[in-house]
Structures are given as C-alpha cells and as structure tokens.
**Q** 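Let me begin by handing over the structure; questions about it come next.
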Amino acid sequence: MSDFPITDPWVEEPAPDLETTKVLLDASPSGVAFVMINRPQKKNAFDAATIAALREAFETLHGADHVRVVFVRGAEGVFCAGADLEWMRDSADWTEADNRDDALQLARMLKALYDIPALTVALVEKAAMGGGAGLVAACDMAVATRDTKFAFSEVKLGLIPATISPYVVDAIGPRQARALFSTGRVFDAEYARQIGLVTEVVHDSEALNALQERLAGEIMACAPEAIAESKRLVWDVWGRPIDNALMDDTARRIAKKRVSPEGREGVRAFLEKRKPSWIA
C-alpha cells in the first residue's frame, strides 16, 4: 500500500469543502486541452456539482474542432478518490427514483468523455477509486505513476459499480471485471497495466509531466479529423464479422478520406517532403 491516506479505497476522508472552481478547463491554440478535477481538499472526489462540471467541460470539447488531445488529471497530485462522503451520506436518504436520476448524471458525464472526438488521456496519480477508476477506463489512454492504487470496492459498501461498468469491461474484459468487481480488492498501477486499464506506468509525477509533453508533441503531427475518424472506426468495427458489408464499409471510409482536403494535403505533404498544414 502507498502512504496516501485513504481510509476506504472508494470513499475519501471527510474534509471541509472550500469554495472553488471544481473543474478547470483550458486549451492551447495548438490543440492541447486540459481538464482538471480541482477539489484537492477532498482528494478530487466526485459530488453532484463536480460531475455536472465535468460533463459540461467534456461536452464543450465535442465542438472544439482544433483540439487534438485532451488530458484529464486531478489537482495537486491525486487523480480521484471516488465518491464524496457527504454526497454518499445524502444519497442514503433519497428515494430509488432520486438515486436513479443522480446516477444518470454520472453515466452521462462518462459518455460525454467517451464521445470526445480528440484523443483522451488520463494522467493518474496516487489514487483512482470507484468512479475515478471509471473515469480512467472511459479515456482512450491512461498513464499512471507506479505508486497509484486502484479499486472497484463498491461491493464492500453493499453497492455495485454499475454506471462505470460499460467502460471498465470494455477496457479490461469481462473476466477481470468480474474478479475485481466481486472482490473489491485494491491493486497497483503495474497490475492495472497488465489488465489494460492503464496503457503505461511511469516512475513519478515528474515523469508523468514529461510523458504528457512528449505525447502532446506526437499528437500534433496527426491530422485532427483523422484522429476523430480513427476513434470512430474502432467503435464501428469492433465485434462485427469480417464480411462483405464490413469490407465495403471500410473501403468506403478510406476512399472518402483520400479525397478529403485533409487526406489530399497529408499525402501531398508526404510526397513533397514537407510538413502538412496542421503542423505549426
């Protein structure tokens, strides 16, 4: 276990809430966006207002055509400790209908993240518990520091990780999900990498910052529309039989890209041994 003070691997310790902007969104002119959960005094745990602010930030990025990569991070060296204690305490007194409406907000926030056209990357430090681990799974990529701890410990509270389950099962597969959902065990970053929840593990926050800069630089060489369409391609071909319909669909997609302004520019730039127009 790390020395990060989480008494329960899903519920953060109570702390006085401070008036602050709970989610920060920033984007550079070059197309790099940052979404930061900004509740460090609560270990960046979710409450209703934070979930709503995250959804608003993610939906804003749907229309940001110039953005090519979105980094999701927690403030002050912690990703997300899960559910806010006061929020959970309140929900225990709600009706089933109230709880369903509340859970839908988390589900819609995760879907808004999943649907961002740009590449999404979770930068994970110290803790990603419950809904925080679901946020990791909903990103296209995740990089974690080696001291990060993960858990889906809802069962220890008599609950289930329902709203995050589509993204987690997609990321790690049904067998691993059954084991982790049913035991609620805490696991480390290296195990998260082995099962596919995390793409890469780095030594510390300094290495994480360096990787963020390197990845941002790499993605700048990629065409914005091609990034979005490549993501959509994966979603559309996954699980389909390789038949005439799928072959026709994929042939149509590449033909359309070849004659698009972006496709023509990219090929011409390659043949002329110059940078394409989307590289500053």
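Worth knowing before you read on, the calculation uses all heavy atoms, side chains too, and leaves out hydrogens, waters and symmetry mates.
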**Q** Are Val121 and Val69 close enough that some pair of their side-chain heavy atoms sits under 4.5 Å apart?
**A** yes

**Q** Quick check for you: to the nearest 0.5 Å, what is the distance between Met109 atom CE and Thr50 atom OG1?
**A**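 It is 9.0 Å, given to the nearest 0.5 Å.
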
**Q** I'd like to know if Phe46 and Val72 are part of one continuous hydrophobic network [Ile/Leu/Val/Met/Phe/Trp/Tyr, side-chain heavy atoms within less than 4.5 Å].
**A**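 Val72 clusters together with Phe46.
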
**Q** Nearest 0.5 Å, what's the CG-CE distance between Leu135 and Met129?
**A** 14.5 Å

**Q** Are the side chains of Ile51 and Trp87 in touch, meaning some heavy atoms are under 4.5 Å apart?
**A**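 Sidechains of Trp87 and Ile51: in contact.
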
**Q** Is the shortest side-chain N to carboxylate O distance from Asp248 to Arg252 below 4.0 Å?
**A**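 Answer for the salt bridge query: no.
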
**Q** Do the side chains of Glu262 and Lys257 get close enough for a salt bridge, i.e. N-O under 4.0 angstrom?
**A** yes

**Q** Any side-chain heavy atom of Phe152 within less than 4.5 Å of one from Ile164?
**A** yes

**Q** Using atom types as modelled and distance alone, determine if a side-chain donor or acceptor of Arg68 lies under 3.5 Å from a backbone N or O of Cys222.
**A**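 Such a contact is found between Arg68 side chain and Cys222 backbone.
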
**Q** Between Thr145 and Glu125, do the side chains contain an N or O donor and an N or O acceptor separated by less than 3.5 Å?
**A** no

**Q** So if you build clusters from Ile, Leu, Val, Met, Phe, Trp, Tyr with side-chain heavy-atom gaps below 4.5 Å, do Val143 and Leu113 land together?
**A**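 No: no chain of side-chain contacts under 4.5 Å links Val143 to Leu113.
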
**Q** I'd like to know if the side chain of Thr21 reaches the main chain of Leu24, judged simply by a donor and an acceptor atom lying under 3.5 Å from each other, with no hydrogens or angles considered.
**A** no

**Q** Would you say that Met220 contacts Ser30 through its side chain, given a criterion of any heavy-atom pair below 4.5 Å between the two side chains?
**A** yes

**Q** Does Ser153 reach the main-chain N or O of Lys156 with its side chain, forming a donor-acceptor pair under 3.5 Å?
**A** no

**Q** Check whether any side-chain N or O of Asn99 sits under 3.5 Å from a backbone N or O of Thr95 as a donor-acceptor pair, and report yes or no.
**A** yes

**Q** Between Arg100 and Glu96, does a salt bridge (Lys or Arg N to Asp or Glu O under 4.0 Å) hold up when you go through it step by step?
**A** CA-CA 6 Å; Arg100 182 179 63 250; Glu96 182 177 343; 5.1 Å; no

**Q** Is Leu233 reachable from Ile242 through a run of hydrophobic residues whose side-chain heavy atoms are each under 4.5 Å from the next?
**A** yes

**Q** With rounding to the nearest 0.5 angstrom, report the OG1 to CG distance, Thr163 to Leu104.
**A**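 The CG atom of Leu104 is 9.0 Å from OG1 of Thr163, to the nearest 0.5 Å.
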
**Q** Give the intermediate values and the outcome of salt bridge (Lys or Arg N to Asp or Glu O under 4.0 Å) for residues Lys22 and Asp47.
**A** CA-CA 10 Å; Lys22 294 187 175 184; Asp47 63 1; 2.7 Å; yes

**Q** Say whether Val124 and Val23 are linked into one hydrophobic cluster, either directly or through other cluster members, by side-chain heavy-atom distances under 4.5 angstrom.
**A**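 The answer is yes; both residues are in one hydrophobic cluster.
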
**Q** Tell me, yes or no, whether the heavy-atom count around Glu272 atom CD, taken from other residues, nucleotides or ligands under 6.0 Å, exceeds 12.
**A**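 For Glu272, atom CD is crowded (more than 12 foreign heavy atoms under 6.0 Å).
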
**Q** Do Arg185 and Tyr191 form a cation-pi contact, if we require the NZ or CZ to be under 6.0 Å from the six-membered ring centre and within 45 degrees of the ring's axis?
**A** yes

**Q** So how far is it from Arg193 CZ to Thr148 OG1, rounded to the nearest 0.5 Å?
**A**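 If I round to the nearest 0.5 Å, the distance is 14.0 Å.
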
**Q** Which atom names give the shortest non-hydrogen contact between Ala189 and Phe150, and what distance separates them?
**A** CA-CE1, 3.7 Å

**Q** Determine, stepwise, if the pair Glu229 / Arg232 fulfils salt bridge (Lys or Arg N to Asp or Glu O under 4.0 Å).
**A** CA-CA 5 Å; Glu229 291 176 33; Arg232 193 176 305 115; 5.0 Å; no

**Q** Is it true that the side chains of Thr120 and Asp140 contain a donor and an acceptor less than 3.5 Å apart?
**A** yes

**Q** If you measure from CG on Asp115 to CH2 on Trp235, what distance do you get to the nearest 0.5 Å?
**A** 5.5 Å

**Q** Before accepting this row, confirm whether a basic side-chain N of the pair Arg214/Glu218 lies closer than 4.0 Å to the acidic partner's carboxylate O.
**A** yes

**Q** Taking Arg274 first and then Glu265, would you say they form a salt bridge - that is, a charged N and a carboxylate O separated by under 4.0 Å?
**A**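 Judged by the 4.0 Å cut-off on N to carboxylate O distance, Arg274 and Glu265 do form a salt bridge.
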
**Q** Looking at Phe187 and Ala192, what are the two nearest heavy atoms and their distance?
**A** CE1-CB, 3.9 Å

**Q** Please say yes or no: joined through hydrophobic side-chain contacts below 4.5 Å, possibly via intermediate residues, are Tyr167 and Leu106 part of one cluster?
**A**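 In one cluster with Tyr167: Leu106, yes.
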
**Q** Any ion pair linking Asp84 and Arg39 (charged N to carboxylate O, less than 4.0 Å)?
**A**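 Looking at Asp84 together with Arg39, the answer is yes, because their closest N to O distance falls below 4.0 Å.
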
**Q** What closest approach, in Å, do Ala112 and His62 show between heavy atoms, and which atom pair accounts for it?
**A**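 Scanning both residues completely, I find the closest heavy atoms to be O-NE2, 2.8 Å.
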
**Q** Side chains of Arg146 and Glu190: does their closest heavy-atom pair fall under 4.5 Å?
**A**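 A side-chain contact under 4.5 Å is absent here.
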
**Q** Around atom CG of Leu271, are there more than 12 heavy atoms from other residues, nucleotides or ligands closer than 6.0 Å?
**A** yes

**Q** Determine the minimum heavy-atom distance between Lys149 and Asp188, stating which atoms define it.
**A**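 Minimum heavy-atom contact is NZ-CB, 3.8 Å.
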
**Q** Rounded to the nearest 0.5 Å, what separates atom OG in Ser28 from atom CZ in Phe34?
**A** 6.5 Å

